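Take a look at the structure set out below.
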Amino acid sequence: VPRRIVVSCRIFPDLLQQLQQRYTVVDNQANAPWSQDVLRTRMSDAEGALLSPYDRVDAALLENCPALKAVCNIAVGYNNIDVAACTQRGIVCTNTPDVLTETTADFGFLLMMAAARRLSETERFLRAGKWQLPFPLDAMTGADIHGATLGVIGMGRIGQAIARRGVHGFGMQLVYHNRSRLEADIEKGLQARYGTMEDVLRQADHVVLVLPYTKDVYHLIGARELALMKPTATLTNVARGGIIDENALADALEAHRIAAAALDVYEGEPQINPRLLALSNMVMTPHMGSASNATRRAMCQLAFRNLDAIFNGHRPETLINPEVYGSR
Ligand code: GLV
Ligand code: GLV
């Protein structure tokens with residue numbers, strides 16, 4: 001009999017059909033939200049799950065899923081999964097790095113530019129019928145990207161891809177912070193300066209957050225950190241919402257202590273802090289970083305290969321918890 005798997009959110013119909021040829025699929029193609037209780041019920045007799053970052057896999061859920069062998073996130077971030085609890089139960093966890101790196105870097109760069117040049121604000125102005133002549137030369141002027149200093153906090157694959165765009169495409173200077181310093185040849189290629197997070201916040205004209213989310217980085221950027229930034233600087237977040245204290249950000253933007261911000265991620269997604277919604281100097285998108293057609297398809301296909309590999313007794317390509325093989 002085909003193995004039972006769960007697909008928690010809508011995916012490309014042709015890709016779903018491929019899965020249905022080899023598995024019994026309980027899917028959420030209707031895309032009505034599943035509560036945690038519904039997810040737990042749907043997963044209770046499943047052997048595998050293809051999940052989104054909004055599905056929380058915790059010990060309480062696993063308690064109810066005795067047959068579960070594979071948890072395959074269709075995302076690079078996996079802060080929604082209690083990996084230790086999975087490992088303890090011999091459940092293999094995977095994510096989808098690499099295939100989304102360049103697409104997400106494109107989007108991070110796009111958001112940074114949009115914040116700097118006030119794209120959303122100027123479009124709202126035009127759509128509201130407010131554009132009149134004479135148009136003042138100093139109206140809604142923004143900050144340059146070319147030649148400015150790019151500050152990247154979190155220099156993983158995506159951070160490096162954003163840095164390459166800035167340095168090689170836009171002649172930016174690069175200052176970065178990461179838990180570990182880049183290898184010397186990579187640093188040299190980017191003419192990168194390594195600094196503390198405080199150095200990056202102080203020196204950068206445009207700060208981009210691209211670090212993996214853990215409890216350690218909850219509200220990493222708060223009032224104190226925002227106060228270090230230049231009043232002309234922008235802040236962009238394409239990682240996870242919880243990294244920024246949104247009320248502190250709203251305070252800083254309301255008081256023009258920084259120039260602008262661009263967010264693709266929020267602490268309470270899909271709920272948005274109403275103070276952020278009210279700000280004009282903000283660009284806001286609904287967690288779209290990896291959302292190109294080609295990349296979203298590639299993420300699904302990588303997640304499928306991971307699932308198939310796990311069931312065929314092979315190591316999946318993008319394994320999160322290699323310990324699971326050691327402990328079995
Ligand atoms: C999306 O946020 C991802 O982690 O891939
Ligand atoms: C995150 O996984 C990254 O590649 O930066």
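When a ligand or atom number is given, it counts from 1 through the structure's own listing order. In this text the structure is predicted, and so the values were computed from the model without any measurement. FYI, the numbering just counts along the sequence from 1.
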Under 3.5 Å, sequence neighbours excluded: what are the donor-acceptor pairs made by side chains of residues 270-279?
from : atom 1 : to   : atom 2 : distance (Å)
N273 : OD1    : R275 : N      : 2.9
N273 : ND2    : N247 : OD1    : 3.2
R275 : NE     : E254 : OE2    : 3.4
R275 : NH1    : N247 : O      : 3.4
R275 : NH1    : N247 : OD1    : 3.2
R275 : NH1    : D251 : OD1    : 3.3
R275 : NH2    : D251 : OD1    : 2.6
R275 : NH2    : E254 : OE1    : 3.1
R275 : NH2    : E254 : OE2    : 3.3

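- In this structure, the side chain of D199 engages the main chain of T196 through a donor-acceptor pair within 3.5 Å.
- Note on residues 137-150: no pairs pass side chain to side chain donor-acceptor pair (under 3.5 Å), not counting sequence neighbours.
- Taking 4.0 Å as the cut-off between side-chain N and carboxylate O, R165 and E102 count as a salt-bridged pair.
- Near ligand 1, residues A75, V76, G77, L100, R240, H287 come within 4.0 angstrom through at least one heavy atom.
- Between the side chains of E187 and Y176, a donor-acceptor pair is found at a separation under 3.5 Å.
- The stretch residues 115-136 participates, sequence neighbours left out, in these side chain to side chain donor-acceptor pair (under 3.5 Å) pairs: R118-E121, E123-R127.
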